[in-house]
Amino acid sequence: MNLRGKAYIAGIHEHPTRKAEGITLAQIHAESAVGALADAGLTMADVDGYFCAGDAPGLGPLSMIEYMGLNNLTHVDSTDTGGSSYVIHVGHALEAIALGKCSVALITLAGRPRAEGMATGTAPRVYAADAPDVGFEAVYGPTVVNMYAMAAMRHRHQYGTTAEQLAWVKVAASHHAQHNEHAMLRKVVTVEDVVNSPMISDPLHRLDCCVISDGGGAIVVVSPEVAKSLGDRAVKILGHGEAVKHLNAGTIDITYTGGAISGPRAYEEAGVLPGDIKYASIYDSFTITVVETIEDLGFCPRGEGGAFVSDGNLIAGQGKLPFNTDGGGLCNNHPGNRGGLTKVLEAVRQVRGEAHPAVQVANCDLALAHGTGGSIATRMGSSTVILGRADA
Amino acid sequence: MSAAKTYMDPPINDESRAYWDGANDGKLLLKRCGDCGKTHFYPRVVCPHCQSSATEWYEASGDGTVYSYSVMRRSEIPFVIAYVTLAEGVTMMTNIVDCDPDAVAIDQAVKVTFKDSEGGQSIPMFTPA
Ligand SMILES: [Zn+2]
């Protein structure tokens, strides 16, 4: 069933906080929701679908629904695939709206790892002690960063991807972040800055890693009828794909991501090709995440991601594929260690022509947002959405 | 080396107990399916290839090669995390131990060894062959 254009993104909001001292998780969810609904021209009373992931406090969506005073819900979804959850939620909202199960879907995210003093990337994290895989992995000290580092090491081995090529991803993000007043890291960095920053887990340096930040955001997805009633700012959802990739019984290949599966599904639904995309929000937990995902999404042949991202090719106004023009997770924001929602936000801004003028892509009628969740070197959830103007 | 790296006790359940008991006997155990004949990792009762529950334990040769690795520097004692592809064809997460971390390389031949966890459970690790 092709759902191209069966729903629109009518409102977005990015919570401005980057260190949530004195602000609770529930408050960030709710303030983000209020902001996105105001952006759309809607209110809580209009919301009949609610979507959240594991960052929401309470049992699934229940506590946040109560906190926000949602009383007209006909559909809920608390799918959690880590940082990619919110890109999946956009797709699931599209499905629910197309089936008539709801017409105004609210998606929220919040996190405060900084305020909580969490060593997000370098401390072992066990999501569920009773998961069947945990015993065979946790004893060896896997962390977020050393898992992505193993992917980078293997990619380097197979394809010759260098530290300098990975560094270009961060350089491009920093060029964009300088224009974002809310970005955590606004200083423009060079390839030398990245490769000379402290080694965290070979071959990833500190500046190959995303920021740890508090914050949140929200997205309002609506039916074509509701979108029409709200004016002409709504962004059309053209295609969606989701996939889970795992260790496949021990026959592993960590040189690609689930984007290799979710991307083609999204392109097919949208009826477009990678070369048609004017702007891409690509999950950037680490520089290697971007290099592998760019290959998976067909922006270059497999193994050539390192060369593709080099020499400013991801910088708006210079390169062939402007990416993460808000500064991305590498420089702007990675609320709650879950960067998928902010990826959708900047893609919406680009299609609306509301990105910062210094990074706005000219005539941006077609944009892509991609989320990665879990771990690139074990099991991950990937999701791709393709967005376009209302007339697309 | 002054301080030695410590290892957490693995959570053990009814599906994994034989694996860890085997490690305590100095054996790296794998599971093979009695129906489709394929080995899988991590070991589980239900074969992920054909969903049969007729899976059986057997002892691995202990030989493998490094598929990928990383030296984790942000740790009190830096350590090498790795994926090792066993001679039996499956790849498992592990640590490379008893060697210079900076001398580890992809495709390097390694063999199984065992280290005790904090609670005395033996854990399969690998060291240069
Ligand atoms: Zn089988």
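Below, each value reflects all heavy atoms present in this structure, side chains not excepted, and no hydrogens, waters or symmetry copies. So that the names make sense, note that chain A is the first sequence line, chain B the second, and so on, each numbered from 1.
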Atom CD of E76(B) with >12 non-hydrogen neighbours under 6.0 angstrom: no
Shorter than 4.5 Å, heavy atoms on both sides: which option in P10(B), A82(B), S70(B) has the most such pairs with chain A? S70(B)
Pairwise distance OH(Y140(A)) to CG(N95(B)) - rounded to 0.5 angstrom: 7.0 Å
Quick one: closest heavy-atom pair of M153(A) and S68(B), and the distance? CB-OG, 3.5 Å
Aromatic plane relationship, W20(B) with F136(A) - under 30° parallel, 30 to 60° tilted, over 60° perpendicular: parallel
Note: vs chain B, highest number of non-hydrogen pairs under 4.5 angstrom among L204(A), D202(A), L247(A), N248(A) is D202(A)
Evaluation steps, side-chain contact (heavy atoms from CB on, under 4.5 Å), between Q121(B) and V139(A): CA-CA 11 Å; Q121(B) 167 64 50; V139(A) 291; over 6 Å; no
Give, as side chain, backbone, both or neither, the part of D107(B) having an atom under 4.5 angstrom from any heavy atom of chain A. side chain
Please classify the contact between P11(B) and chain A as side chain, backbone, both or neither, with a heavy-atom cut-off of under 4.5 Å. both
Measuring heavy-atom distances to chain A, does T94(B) have an atom under 4.5 Å in its side chain, in its backbone, in both, or in neither? both
Could you tell me which non-hydrogen atom of D133(A) sits nearest to which non-hydrogen atom of Y42(B), and how far apart they are? CB-CE2, 3.7 Å
When the 4.5 angstrom heavy-atom criterion is applied to P124(B) and chain A, the contacting part is both
Gap separating the CE atom of M72(B) from the CE atom of M199(A), nearest 0.5 angstrom: 12.5 Å
Atom pair OG/CZ of S201(A) and F79(B) - distance to nearest 0.5 Å: 7.5 Å
Straight-line distance of I106(B) CD1 to Q158(A) CD, nearest 0.5 Å: 8.0 Å
Answer with side chain, backbone, both or neither: which region of Y83(B) has an atom nearer than 4.5 Å to a non-hydrogen atom of chain A? both
Between atom OH of Y67(B) and atom CD1 of I252(A), what is the distance when rounded to the nearest 0.5 Å? 5.0 Å
CZ/R74(B): more than 12 non-hydrogen atoms of other groups inside 6.0 Å: no
Need one label for A377(A): side chain, backbone, both or neither, based on atoms under 4.5 Å from any heavy atom in chain B. both
Is it the case that over 12 heavy atoms from other parts of the model lie below 6.0 angstrom from the CG atom of D14(B)? no
Does P142(A) reach the side chain of M93(B), with side-chain heavy atoms less than 4.5 Å apart? yes
When rounded to the nearest 0.5 Å, the distance separating CZ of R73(B) from CZ of R206(A) is 15.0 Å
Contact class of P43(B) relative to chain A, heavy atoms under 4.5 angstrom: both
Atom CZ of residue position R186(A) - does it have more than 12 heavy atoms of other residues, nucleotides or ligands inside 6.0 Å? yes
